[in-house]
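One structure is given below, encoded as structure tokens.
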Amino acid sequence: MSNEQTFIAIKPDGVQRGLIGPIISRFENRGFKLIAMKTCSPSKEHLEKHYQDLAEKPFFKGLVAYMLSGPIVAMVWEGRDVVKTGRKPETDQFQPAILGATNPLNSAPGTIRGDYAIDVGRNVCHGSDSVESAKKEISLWFSPSELLQWKHSQASWIYENA
Ligand code: UDP
Ligand code: MG
């Protein structure tokens with residue numbers, strides 16, 4: 001489906017390190033379409049909800065503190081298979097994807113985390129891990145009116161059947 005959507009966020013370290021442009025470029029250059037974007041500083045409650053599946057993990061408190069440490073750039077990208085192209089499925093640690101693996105040291109060069117990060121707790125970006133979690137995350141971070149439908153003038157140069 002070329003209208004699949006994923007939630008991608010540039011974490012506080014990515015923003016502070018001047019990586020907004022390079023991270024956006026990876027998705028834009030690949031041919032994906034930017035549907036929504038904002039710079040924001042969400043509350044602790046919002047971030048705990050975003051990472052609620054990890055609430056029992058020992059790194060949870062540190063993760064929330066990391067996410068609260070500065071502005072975040074939140075985005076929705078759209079395109080064919082954008083969720084799994086954006087990040088590796090949990091079942092296949094070795095499949096390269098635009099983001100790379102959770103631990104940057106396991107991320108191939110050419111991926112965002114493989115090129116720009118070292119520590120797992122400073123891995124510069126977030127990407128939804130399934131179409132279902134993308135839907136949940138998009139509705140947590142954006143209201144429907146913030147999601148823009150627009151025609152990509154390059155669509156027929158990116159998709160055979162656009
Ligand atoms: N994280 C961490 N220590 C760990 C595992 C994860 O600090 O041992 C952080 C890391 O920033 C990661 C986030 O928690 O991106 C969410 O973890 P998840 O397993 O969902 O990884 P992701 O989906 O971001 O690849
Ligand atoms: Mg995750």
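Whatever order the structure lists them in is the order used to number ligands and atoms, beginning at 1. In this chain, numbering begins with 1 at the start of the sequence shown.
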Check if [X] has a non-hydrogen atom at a distance under 4.0 Å from any atom of ligand 1.
| X | answer |
| --- | --- |
| R87 | yes |
| V120 | yes |
| R113 | yes |

Cut-off 3.5 Å, no hydrogens considered: what does the side-chain donor-acceptor table look like for residues 49-60, sequence neighbours left out?
| unit_1 | atom_1 | unit_2 | atom_2 | d |
| --- | --- | --- | --- | --- |
| H50 | ND1 | W141 | NE1 | 3.1 |

Logged contact type for T102 with ligand 1, heavy-atom cut-off 4.0 Å, is both
Does K11 approach ligand 1 within less than 4.0 angstrom via side chain, backbone, both or neither, non-hydrogen atoms only? side chain
State whether the shortest distance between N or O atoms of A101 and N or O atoms of ligand 1 falls below 3.5 angstrom. no
Counting both backbone and side chain atoms, is some N or O of H126 under 3.5 Å from an N or O of ligand 1? no
Apply the test side-chain hydrogen bond (donor to acceptor under 3.5 Å, both in side chains) to residues E78 and H152: give CA-CA distance (whole Å), side-chain angles for both, the deciding distance (0.1 Å), then the verdict. CA-CA 11 Å; E78 183 178 288; H152 207 188; over 6 Å; no
Under 4.0 Å to a heavy atom of L54 - the qualifying atoms of ligand 1, by number: 16 (C), 17 (O), 20 (O)
Check each atom of ligand 1 against the heavy atoms of Y51 and keep those under 4.0 Å away; list them by number with element. 16 (C)
Would you say [X] has more than 12 foreign heavy atoms packed within less than 6.0 Å of its [atom1]?
| X | atom1 | value |
| --- | --- | --- |
| K61 | NZ | no |
| W157 | CH2 | no |
| I118 | CD1 | no |

Does K11 make a cation-pi contact with Y66 (under 6.0 Å, within 45 degrees of the axis)? no
Can you check which of D53, V124, N103, N123 brings a heavy atom nearest to atom 15 (O) of ligand 1? N123
Counting the benzene-type ring for Trp, do F32 and W77 have ring centres under 6.0 Å apart? no
